[in-house]
Amino acid sequence: MTHFRKIKNKKVIIILGPPGSGKGTQAKLLKKKFGLEYVGSGDLLRARRRKKDFTGIKISKEIDQGKRVPTPVIFKIWMDEFEKFKKKEGFKGIIIDGSPRTDLEAEMVEQALGWYGWTKNKRVLLIEISQREVIKRLTKRRMCKECGRIFPFIGEFKKLKKCDKCGGDLFTRRDDSIEGVKKRLAWYKTDVKPAVRYYQKRGELIKINGEQSIEDVFKDVLKVVK
């Protein structure tokens, strides 16, 4: 019983929102503020694709073709991460960035959190921005050629000429064209909105205005996660 009392107050923050809403930026700020572990599907998939087994090669092909990696594959990757955190000494909680993507994934995440006893101190945030803002941000954002870090077109990131982490060159991704962004918006509406509605029906969804400065968005986030 002592073991379960120890883990029940671990902080869990799920951040949802359309592409370009600044989910990753806010997740990293929260990670630094509270010392939480970060679970970002994009980062996990990029790491997994570097393993040159069948799944790694298949993930790489699917991503390069703009396809979505199926739920069983991404969920296996999540569960492997959760298991690592469970064993980690001094574990304080997790931030889940940009997932779940469907109502099925939302239900699976809830079951996984229940399995590990991490449901007592959970917040689900929806960072909202308009479609017009999504297009503006994504068609101008850049990625580092060396480490793969993505730089949103907001605040101080606009001024960067090189990656501030590794010094790599920055470039605009091919799929960050207007057509590519519209496809992702359509995917968000069909595949991610159900997860948003899932948490809304449960009375757990907290909406945050994402069309502010990074600092002001973070202030609003802190008001609801502390």
Side-chain angles (χ1 to χ4, degrees), residues 13-31 38-49 59-69 74 95-102 105 124-166 168-197 205 207-218 220-221:
I13 303 171
I14 299 172
I15 305 181
L16 303 171
S21 59
K23 300 183 297 294
T25 299
Q26 294 302 316
K28 288 174 174 61
L29 289 171
L30 285 166
K31 172 182 167 67
Y38 175 78
V39 181
S41 294
D43 287 356
L44 291 176
L45 287 171
R46 282 189 286 274
R48 185 63 181 84
R49 73 189 291 186
I59 286 173
S60 189
K61 288 180 180 178
E62 296 291 288
I63 291 175
D64 289 344
Q65 292 173 13
K67 297 180 180 179
R68 182 167 68 85
V69 176
I74 190 66
I95 301 166
I96 302 177
D97 170 19
S99 297
R101 302 169 300 177
T102 65
E105 288 186 5
V124 183
L125 311 181
L126 174 65
I127 301 181
E128 296 185 302
I129 64 173
S130 67
Q131 180 171 314
R132 180 179 179 181
E133 185 68 14
V134 170
I135 294 171
K136 175 185 172 183
R137 289 185 184 184
L138 292 192
T139 54
K140 293 184 178 181
R141 75 176 180 178
R142 296 166 296 168
M143 175 183 276
C144 174
K145 288 184 178 179
E146 298 300 322
C147 69
R149 187 179 177 195
I150 294 175
F151 294 88
F153 192 71
I154 50 177
E156 294 298 313
F157 293 118
K158 294 180 182 179
K159 302 175 184 178
L160 291 178
K161 303 298 182 184
K162 297 274 188 180
C163 177
D164 61 355
K165 193 172 184 180
C166 73
D169 291 330
L170 304 181
F171 73 103
T172 300
R173 302 191 311 181
R174 184 172 57 185
D175 62 344
D176 279 341
S177 63
I178 291 178
E179 283 305 310
V181 172
K182 285 183 177 179
K183 284 181 181 178
R184 266 176 289 172
L185 276 169
W187 169 78
Y188 173 75
K189 289 177 181 177
T190 58
D191 283 30
V192 182
K193 278 284 191 177
V196 172
R197 289 192 290 270
L205 193 70
K207 296 181 180 181
I208 302 290
N209 176 13
E211 294 193 18
Q212 309 176 78
S213 67
I214 293 172
E215 295 77 15
D216 286 342
V217 173
F218 191 52
D220 285 351
V221 168

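Across all their heavy atoms, Thr102 and Ala195 have their closest contact at O-CB, 3.6 Å. In terms of heavy-atom proximity, Pro100 sits nearest to Ile14 at CD-CG2, 4.0 Å. Residues Glu105 and Ile74 come closest through the heavy atom pair OE2-CG2, 3.8 Å. Nearest heavy-atom pair, Cys144 versus Cys166, reported as atom, atom and distance to 0.1 Å: SG-SG, 3.4 Å. Taking all atoms of both residues into account, the shortest heavy-atom contact from Val134 to Pro18 is CG2-CB, 4.1 Å.
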Worksheet item: Do Ile96 and Ile15 pass the side chain to side chain contact (heavy atoms under 4.5 Å, CB included) test, and can you show the C-alpha distance, the side-chain angles, and the key distance before you say yes or no?
Response: CA-CA 6 Å; Ile96 302 177; Ile15 305 181; over 6 Å; no
Item to complete: Run the numbers on Leu170 and Lys145 for side chain to side chain contact (heavy atoms under 4.5 Å, CB included), then give the verdict.
Response: CA-CA 6 Å; Leu170 304 181; Lys145 288 184 178 179; over 6 Å; no
Discussion item. Evaluate Arg141 against Ile150 for side chain to side chain contact (heavy atoms under 4.5 Å, CB included), listing each step before the verdict.
Written reply: CA-CA 7 Å; Arg141 75 176 180 178; Ile150 294 175; 3.8 Å; yes
Fill in: Worked verdict on Val181 versus Thr139 for side chain to side chain contact (heavy atoms under 4.5 Å, CB included)
CA-CA 7 Å; Val181 172; Thr139 54; 4.1 Å; yes
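Qualifying side-chain hydrogen bond (donor to acceptor under 3.5 Å, both in side chains) partners for Ser130, counting only residues two or more places apart in sequence or in other chains: Glu211. Residues forming a side-chain hydrogen bond (donor to acceptor under 3.5 Å, both in side chains) with Glu146 (at least two apart in sequence, or on another chain): none. For Arg137, the salt bridge (charged side-chain N to carboxylate O under 4.0 Å, His left out) partners two or more places apart in sequence, or in a different chain, are Glu133. Under the side-chain hydrogen bond (donor to acceptor under 3.5 Å, both in side chains) criterion, Asn209 pairs with no residue, sequence neighbours left out. Ser213 pairs by the side chain to side chain contact (heavy atoms under 4.5 Å, CB included) definition with Glu215, Asp216, not counting sequence neighbours. Under the rule for a side-chain hydrogen bond (donor to acceptor under 3.5 Å, both in side chains), Arg197 has no partner lying at least two apart in sequence or in another chain.
Between Asp97 atom CG and Leu30 atom CG the span is 10.0 Å, to the nearest 0.5 Å. Note that OG of Ser41 and CZ of Arg46 are 10.0 Å apart. Values are rounded to the nearest 0.5 Å. In this structure, NZ in Lys136 is found 10.5 Å from CD1 in Ile129, a value given to the nearest 0.5 Å. With values rounded to the nearest 0.5 angstrom, Leu185 atom CG is found 11.5 Å from Ile178 atom CD1. One distance of note links CG of Leu138 with CZ of Arg173; it measures 8.5 Å at 0.5 Å rounding.
Listed by first and then second residue, the salt bridge (Lys or Arg N to Asp or Glu O under 4.0 Å) pairs involving residues 177-187 are Asp176-Arg184 (not counting sequence neighbours). Pairs engaging residues 15-26 under the side-chain hydrogen bond (donor to acceptor under 3.5 Å, both in side chains) rule: none recorded [sequence neighbours left out].
Residues Val221 and Ile208 are in side-chain contact: their nearest non-hydrogen atoms beyond the backbone lie under 4.5 Å apart. Between Leu45 and Arg49 the shortest side-chain heavy-atom distance does not fall below 4.5 Å. Between Ser99 and Val39, every side-chain heavy-atom pair lies at or beyond the 4.5 Å cut-off. With a 4.5 Å cut-off on side-chain heavy atoms, Asp220 and Gln212 count as touching.
Lys28 NZ: more than 12 foreign heavy atoms inside a 6.0 Å radius.
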Below 3.5 Å, can you tabulate the donor-acceptor pairs from side chains in residues 151-164 to any protein atom, sequence neighbours excluded?
residue	atom	partner	partner atom	Å
Lys162	NZ	Asp169	OD1	2.3
Asp164	OD1	Arg149	NH1	2.4

